[in-house]
Every structure is written in structure tokens, then in C-alpha cells.
Amino acid sequence: MGIETLTLSKVSNEAEVRIVEDLVPLIVEQGEPWEIADLARLTMVSSAWRYHVEKLLYTKVELKSRPQLLHFTRTLEARRDLARLVLSLRFEVVAPPDNTRAMQKLFKQLCRLESLRTSGSYGIISLMEALEQLPEPERLKELEVVGPPLDSRVLPRMMDRTITWTEKMRCRNITSLSLSRVYLTFRMPPDARGFPPKLTSLCLEDAEVTNLVSLRHFPPLHSLTIVTPLVLYTDPFSQIRVILPHIRESIEELSHTMIRPARFWAHATPPLWQMPLCPNLKLLETDARIYTSRYVMNLDDALPSVEVWTERNMESPGF
């Protein structure tokens, strides 16, 4: 939509002004994308136009570099009202390892953040420390962390992919947690809960919870996704055999697949696993060559309510 296609007739009284202003969010939030230049012009029409344009721009923010991160932080420090508009933040942590302070300054401004996705090569530890700075951490509902790429050419200092969840993490209302190419460890007292208590969806894609066996409490997950890189001498059931018994009553959607280097597949001999009864499981996605009676006991009997069962066969070219 171009600005020249939008015409507002002259209004004669305050009632008509209010009617026009009531239409502003409908016009600004229409389905077709705006040109940045048009949005810039709209901010100069009136305060009502300016607010709804800024709301459109700042509700979902994506940052792709350290300069963008620093500039965005300075903007929020100068305009605290804009910080309240930010509900979703997605950024690549491409800043150097000393970016902890920069991210902490940013997160201190985000008082209404509900969704966070971060990916990149640096700053995984910095991210977790920055999360502790959220002024209203209970608002955060979705968290996705993607670690550095699995590339031998990556510098060693970029390969730190371990994140630590401590008692200082007050994001207790997270319902969706997705981890990719990272190691998660819980550093808490023995009787403390590990995962957020309201968590309903967990995705571990080439990710590992290092002290999973020691956790005593699991939230009632409805959805669990595990993607395991199956290589020589690994047990693809190592995580699901621990998690599933704790959530077998609540689980409704389960996806467990493996990405296998083809040349290693013939040598992989995972230990036999007995699948627990999951009475409420409706949707199931499994790896076609690993979910067989050769590797999984009690498979059919454990799934009395499954309505859709999809078998996949994922393979990568090898290392």
C-alpha cells in the first residue's frame, strides 16, 4: 500500500475526528506490507497515527548485528514508551563474548517481553545472564535458543554452547521452550524444580540436558520433540527414556526422530528400550528405522489412543 492511495476526507467536528482515529489501527494493521517510507510519513499525520505505526514496528523486533543491538538499546533508553510495545524479540547473537553488558542494558528495558528467539555464534552465556535482568520475567512465554553451527571451521571461542539455568531465572511462566545445538544444565538445590512449572511444549533439536537424570520434577508436557543426531556408540533414546515416564499421562504430541550420518548407521546398535504406556498420546512422529520391535519394546501396547502416526526417514550425508 502506498501513502498516495490513502485519502482522509476533511472532518468538521470532534466526533468525526474520533471516528477517523478509531480507523487508524485498522488501516495501519491491514494485511499488506507497508513501505518504510510510507510509515515514516504516517507518523507525521497525528499522535494517533504515530502511536499505531510505532506499535506496528516495535511489537515484533528482529536484530541481526551488534550495531543494531546497541542502536535499539539507545532508542529504548531515550523512548521508554517504545519499550512497552516490544512483545517479541528475535536476534542473532553475533556480538563478541564481552557483549554481556550490552544485552543486560537491553533486557532491562523490555518490560513486556513475551517471546524471545536468539541464534548465532556468540553470547549464549551472556543471554542467560541477560534474561535475569528482565523487569517482568513472568511475562515471558516462549524461549528459543539456537547455538553455534556445528562447523569445524568455527573458532574455539565461538563453540561454547552450554547454558546454565539457575534459581535466579525467574521466567516461571514459560510454556514453550526450544533448544537447538546447545547443552542445558540446571544448577539448583536438589528439591528445586528444573524446567519452568508451566511448560507444556519442549523441543530438543541436537540439544542435551546434561543433568536430566537428576531432575525430580517434570512439568506436564503436552508436546515433546526430540531430534537426535545418531552417530557411532550413541543411544538415541537416552533423553526420551528419562523424560517420557514422567509425562506419560499428559503427553499428547510426540516427535522423536534421528538425523543419521549414513555411513555410521550400519554400526549403530542402540540398547533396547521399553516404551511406557501413554494413554492420551494422539499425534506421534517417529523414525521409521529405529522405532521397531528390534529397538523398542511394548510399542503398540503403549499407544492405545494414537490417531495419527507419521514415520520419517531422515538422513544426512555424513561427517
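Hydrogens, waters and symmetry mates play no part in the numbers below; they use all other heavy atoms, side chains included.
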[Y] backbone acceptor or donor facing [X] side chain under 3.5 Å:
X	Y	result
Q239	V209	yes
H256	Y291	no
N280	E252	no
S305	L281	no
K64	E62	no
Q68	F91	no

Is it possible for you to say whether [X] and [Y] belong to one hydrophobic cluster, with membership spreading through side-chain heavy-atom contacts below 4.5 Å?
X	Y	value
L284	L277	no
L70	L106	yes
L87	L177	no
L85	L69	yes
V146	Y183	no

Start with the C-alpha gap between F186 and F195, add the side-chain angles, then the distance that decides, and say whether ring pair (Phe, Tyr, Trp, His ring centres under 6.0 Å) holds.
-> CA-CA 8 Å; F186 292 99; F195 290 106; 5.0 Å; yes

May I ask you to say whether K105 pairs ionically with E77, meaning some side-chain N is under 4.0 Å from a carboxylate O?
->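 Salt bridge present between K105 and E77.
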
Could you please spell out the steps behind the side-chain contact (heavy atoms from CB on, under 4.5 Å) verdict for T162 and V182?
-> CA-CA 6 Å; T162 301; V182 297; over 6 Å; no

How many angstroms lie between [atom1] in [X] and [atom2] in [Y], if you round to the nearest 0.5 Å?
X	Y	atom1	atom2	answer
L212	H246	CG	NE2	7.5 Å
K282	H222	NZ	NE2	11.0 Å
L113	Q109	CG	CD	12.5 Å

Is a side-chain donor-acceptor pair under 3.5 Å present for W165 with T185?
->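 No, no side-chain donor-acceptor contact under 3.5 Å.
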
L131 and L116: side-chain contact (heavy atoms from CB on, under 4.5 Å), yes or no, with the steps?
-> CA-CA 10 Å; L131 278 175; L116 174 64; 3.7 Å; yes

Kindly determine whether T175 and N173 satisfy side-chain contact (heavy atoms from CB on, under 4.5 Å), including the steps that lead there.
-> CA-CA 6 Å; T175 59; N173 292 331; 6.0 Å; no

Step by step, work out the side-chain contact (heavy atoms from CB on, under 4.5 Å) result for E132 and T166.
-> CA-CA 10 Å; E132 298 173 5; T166 69; 3.8 Å; yes

Quick check: are there more than 12 heavy atoms from other residues, nucleotides or ligands sitting under 6.0 Å from CZ of R84?
-> no

